[in-house]
Amino acid sequence: MLEIKFVRQNLSQVQKALEHRGDAADLQTFKHCEAQRRDLLKESEALKHQRNVTSQKIGKMKKEGLNTDTLTTEMRNVSGSIKTLDSAFKENESAIKSIMTQLPNIPHVSTPIGADETENPVVKQFGQPPNFDFDPLSHWTIGSQLQILDFERAAKITGARFPLYFGAGARLERALINFMLDIHTGEHGYIEVLPPFIVNSQSMTGTGQLPKFEEDLFKIHESEYYLIPTAEVPVTNIHRQEILDEKQLPVYYTAYTPCFRSEAGSYGKDTKGLIRQHQFNKVELVKFVKPETSYQELEKLLKNAEEILIRLELPYQVITLCTGDLGFSASKTYDIEVWMPSQGRYREISSCSNFESFQARRADIRYKTTGKKGTRYVHTLNGSGLAVGRTVAAILENCQQVDGTVQIPDALQPYMGGMQKISYGT
RNA sequence: GGAGAGAUGGCCGAGCUGGCUGAAGGCGCUCGCCUGCUAAGCGAGUGUGGGGGUAACACUCCACCGAGGGUUCGAAUCCCUCUCUCUCCGCCA
């Protein structure tokens with residue numbers, strides 16, 4: 001959520017920012033409601049003041065045994081008016097809130113202006129796509145041949161777009177989770193968190209999934225609970241409605257969770273393999289920081305995520321999302337894309353964003369400096385470090401051998417019990 | 001699932017026979033004083049959000065005692081609903 005005062009005072013700037021996103025918002029209604037809101041508030045507060053003063057007077061008079069009927073009757077009317085005004089105020093406020101919660105974040109100045117994903121500039125590249133002297137297979141073909149992935153049976157158990165791993169495949173997934181968590185906690189200074197995988201609607205609103213993107217979520221039948229689409233939701237909401245001490249900041253959390261996404265509207269895209277599933281595993285990085293440091297923290301976060309790919313020796317590139325491709329809550333986002341040989345292109349494996357105070361304002365996460373008056377909103381950031389299923393896919397494809405086996409990256413072998421390659425029957 | 005108890009400021013903890021209680025007291029914290037020594041004592045201050053106001057302060061008004069409703073001239077205090085916590089019983093990985 002943006003700051004109401006800021007939107008009021010910078011209406012044209014906000015309008016322009018939204019246009020860059022390709023999002024035409026109705027700010028006139030906002031402007032109108034907002035002005036009305038203050039009028040209603042003024043009027044109601046004046047009456048409340050009158051009521052407070054007179055009620056006290058009535059109390060005193062009663063003690064002295066005086067008759068208060070006239071005043072009481074008068075105040076009955078005042079209270080009635082207050083009630084009317086307050087309900088109008090509430091209505092008005094919920095109208096404003098509904099506009100505000102649907103407004104996306106304003107892109108940072110360093111976010112390039114562009115219409116869609118074709119205009120995302122490449123920031124850097126690491127490694128070289130491998131040269132195969134044979135036609136590289138897709139990860140789902142490799143996985144099926146090695147009998148470590150089984151999409152048919154997964155479909156039987158549940159439906160399309162669910163994964164089922166066996167043997168070395170299941171172990172590879174688990175090894176990656178541990179590998180990532182160990183690096184982030186042991187070397188990058190993150191605190192490991194294991195949060196609930198189901199959250200309430202307030203948490204979903206706090207991070208921006210609700211109210212606008214409910215169709216992307218799995219909702220638990222007959223409740224206000226949702227399956228998490230990313231650990232970002234429970235982990236960011238750890239500090240919802242809290243005032244942190246400045247000395248605590250920055251706070252770094254990392255969490256492994258499964259993620260559940262309905263993938264509404266993605267029919268026909270990536271129908272095969274591990275790229276786009278209703279359920280997948282992810283190790284997430286989440287930060288709460290002071291506003292003045294948040295862009296340095298974004299660079300560090302990106303590096304922390306990249307480090308995993310570097311250790312796994314997987315070729316990747318980093319892009320900056322342009323305004324037209326930027327997510328709803330983000331001010332700036334880097335995507336890390338890993339090379340997928342069977343597709344001959346880079347595919348997203350991590351998304352690292354600075355949300356500035358957008359989520360903090362929704363979720364009411366502030367900090368206080370001792371000795372100083374008032375509070376400020378923290379800046380929140382998060383990034384995948386990394387999406388585990390897609391990492392498995394990248395390893396299978398990049399490390400495949402001509403004989404159909406898969407070489408396990410050196411750094412990961414200790415996590416695989418010393419296994420060096422995945423071959424049929426392992 | 002059944003029975004009961006509770007939720008107050010950064011923390012502990014009064015108030016809960018309705019009326020200067022935004023909230024006693026204590027702890028903590030900040031500033032000052034004192035003390036020749038990392039202690040003790042003394043004094044003052046110390047919530048959040050919003051409206052008005054100011055160059056910025058000051059100042060002023062409104063709201064907030066788990067959340068949301070209700071009763072009343074007036075509610076932390078009475079009533080209802082919900083959420084959470086605790087105790088006992090049952091069930092259970």
Side-chain angles (χ1 to χ4, degrees), chain A residues 1-9 30-101 194-206 210 220 222-226 234 237-249 251 258 288 357-378:
Chain A
M1 198 155 63
L2 303 171
E3 191 187 354
I4 291 184
K5 222 184 260 178
F6 176 84
V7 177
R8 185 210 310 162
Q9 289 164 358
F30 166 81
K31 198 177 168 185
H32 174 75
C33 287
E34 214 275 330
Q36 196 184 38
R37 188 188 91 98
R38 272 175 300 157
D39 288 344
L40 286 168
L41 192 60
K42 261 190 240 177
E43 207 177 329
S44 143
E45 284 192 352
L47 287 180
K48 280 178 185 166
H49 178 57
Q50 191 194 345
R51 183 179 68 182
N52 287 344
V53 172
T54 313
S55 291
Q56 264 182 30
K57 198 165 147 194
I58 291 172
K60 273 182 200 153
M61 286 171 71
K62 283 207 162 170
K63 257 182 202 163
E64 293 165 22
L66 298 169
N67 183 291
T68 56
D69 288 356
T70 328
L71 284 177
T72 305
T73 313
E74 196 186 319
M75 281 308 101
R76 210 192 314 266
N77 291 331
V78 170
S79 274
S81 310
I82 290 173
K83 221 169 245 183
T84 313
L85 280 171
D86 274 357
S87 75
F89 180 77
K90 247 182 207 172
E91 222 168 274
N92 172 281
E93 202 165 47
S94 79
I96 291 173
K97 198 168 180 196
S98 123
I99 295 172
M100 292 304 290
T101 51
L194 186 59
F197 302 157
I198 294 176
V199 300
N200 58 30
S201 52
Q202 292 97 301
S203 291
M204 285 294 185
T205 306
L210 289 179
I220 308 287
E222 287 186 342
S223 77
E224 283 305 308
Y225 290 165
Y226 298 84
N237 278 284
I238 287 173
H239 295 299
R240 174 152 52 88
Q241 293 176 330
E242 287 186 15
I243 299 173
L244 305 172
D245 191 324
E246 183 192 23
K247 292 177 207 138
Q248 290 174 259
L249 300 175
V251 176
F288 302 83
S357 57
F358 187 84
Q359 292 181 328
R361 194 168 284 115
R362 284 175 161 250
D364 194 20
I365 308 169
R366 291 170 285 164
Y367 74 96
K368 185 175 173 56
T369 307
T370 36
K372 275 193 186 166
K373 261 202 144 183
T375 57
R376 296 174 73 196
Y377 287 107
V378 300

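So that the names make sense, note that chain A is the first sequence line, chain B the second, and so on, each numbered from 1. Worth saying up front: this structure is predicted, and the values here are computed from it rather than measured.
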_A:His49 vs B:C61: side-chain N/O to OP1/OP2 distance below 4.0 Å_ = no
*Please measure how far the C1' atom in B:U21 lies from the corresponding atom in B:C64, and state the result in whole Å.*
14 Å
*Nucleotide opposite B:C57 in a Watson-Crick or G-U pair, distances under 3.5 Å*: none
*Can you check whether A:Lys83 has a side-chain N or O nearer than 4.0 Å to OP1 or OP2 of B:U71?*
yes
*Say you pick atom C1' in B:A23 and the same atom in B:G47; how far apart are they, in whole Å?*
11 Å
*asked:* Tell me which nucleotide, if any, is Watson-Crick or G-U wobble paired with B:C65 when both distances must be under 3.5 Å.
replied: none
*Would you say A:Gln248 has more than 12 foreign heavy atoms packed within less than 6.0 Å of its CD?*
yes
*Which nucleotide, B:C84, B:G19, B:C61, lies nearest any side-chain atom of A:Tyr225?*
B:C84
_Expressed as a whole number of angstroms, how long is the span from A:Glu43:CD to B:G52:P?_
15 Å
_Base paired to B:C31 (Watson-Crick or G-U; both N/O distances under 3.5 angstrom)_ = B:G43
*Give none if B:A93 has no partner; otherwise give the nucleotide forming a Watson-Crick or G-U wobble pair with it, both distances under 3.5 Å.*
none
*Using the P atom as the reference point in each nucleotide, state the distance between B:U8 and B:C33 in Å, no decimals.*
38 Å
*P gap between B:A40 and B:A24, integer Å*: 25 Å
*asked:* Is it the case that atom CZ in A:Phe197 sees more than 12 heavy atoms from other parts of the structure closer than 6.0 Å?
replied: yes
*Can you find a side chain N or O atom of A:Thr72 that sits less than 4.0 Å from OP1 or OP2 on B:U72?*
no
*Does the side chain of A:Arg366 get closer than 4.0 angstrom to OP1 or OP2 of B:G49 through an N or O atom?*
yes
*Ignoring hydrogens and geometry, is there a side-chain-to-backbone donor-acceptor pair from A:Ser87 to A:Thr84 under 3.5 Å?*
yes
*Specify the separation, in whole Å, of atom CG of A:Asn200 and atom C1' of B:A67.*
13 Å
*Are OP1 or OP2 of B:G51 and a side-chain N or O of A:Arg37 less than 4.0 angstrom apart?*
yes
*Spacing between A:Asp39 atom CG and B:G51 atom P, to the nearest angstrom*: 13 Å
*asked:* Testing A:Lys97, A:Arg37, A:Gln36 one by one against A:Asn92 for a side chain to side chain donor-acceptor pair (under 3.5 Å), which residue passes?
replied: A:Gln36
*Residue met sooner reading RNA chain B from 5', once A:Met75 and A:Glu34 are mapped to nucleotides*: A:Glu34
*With a non-hydrogen cut-off below 4.0 angstrom, is A:Ser79 in contact with a base, only sugar-phosphate, or nothing?*
sugar-phosphate
*asked:* For a quick test of reading the model: is some side-chain N or O of A:Lys368 closer than 4.0 Å to OP1 or OP2 of B:U48?
replied: yes
*Sidechain-backbone polar pair: A:Ser44 side chain, A:Leu40 backbone, donor-acceptor under 3.5 Å*: no
*Rounding to the closest angstrom, what is the interatomic distance between B:A63 and B:G4 at atom P?*
36 Å
_Sugar-phosphate, base or nothing in reach of A:Lys62, heavy atoms under 4.0 Å_ = base
*Quick one: look up who B:G19 pairs with, Watson-Crick or G-U, both distances under 3.5 Å, and put none if it's unpaired.*
B:C73
*Ignoring backbone atoms, establish whether A:Asn52 has a side-chain N or O less than 4.0 Å from OP1 or OP2 of B:G19.*
no
*What is the distance, rounded to the nearest whole Å, between atom CD of A:Gln56 and atom C1' of B:G19?*
8 Å
*Which nucleotide in the set B:C62, B:C73, B:G50 lies at the smallest distance from any side-chain heavy atom of A:Lys48?*
B:C62
*How far, in whole Å, is B:C27 from B:U17 if one measures between their C1' atoms?*
31 Å
*For the residue pair A:Asn200 and A:Ser203, confirm or rule out a side-chain donor-acceptor distance under 3.5 Å.*
yes
*Does OP1 or OP2 of B:C73 have a side-chain N or O of A:Thr73 closer than 4.0 Å?*
no
*Taking the C1' atom of each, how far is B:G2 from B:A75, in whole Å?*
34 Å
*Find which nucleotide of RNA chain B each of A:Ile243 and A:Ile58 is nearest to by heavy atoms, and output the residue with the more 5' nucleotide.*
A:Ile243
*Using the P atom on both, measure B:C89 against B:C42 and round to a whole Å.*
49 Å
_Rounded to whole Å, please give me the gap between NZ in A:Lys42 and C1' in B:C62._
14 Å
*Salt bridge or not for A:Arg38 and A:Glu34, using N-O below 4.0 Å?*
yes
*Using both distances under 3.5 Å as the test, list the Watson-Crick or G-U wobble partner of B:U38, or none.*
none
_Atom-pair distance (CG on A:Leu85; P on B:C61), nearest Å_ = 20 Å
*Shortest non-hydrogen contact from A:Val199 to A:Pro234?*
CG1-CB, 4.0 Å
*Check whether any side-chain N or O of A:Arg76 sits under 4.0 Å from OP1 or OP2 of B:C73, and answer yes or no.*
yes
*A:Glu242 CD to B:U48 P: how many Å, rounded?*
16 Å
*Report the distance from atom CD of A:Gln241 to atom P of B:A7, rounded to the nearest whole Å.*
20 Å
*Quick one: look up who B:G6 pairs with, Watson-Crick or G-U, both distances under 3.5 Å, and put none if it's unpaired.*
B:C84
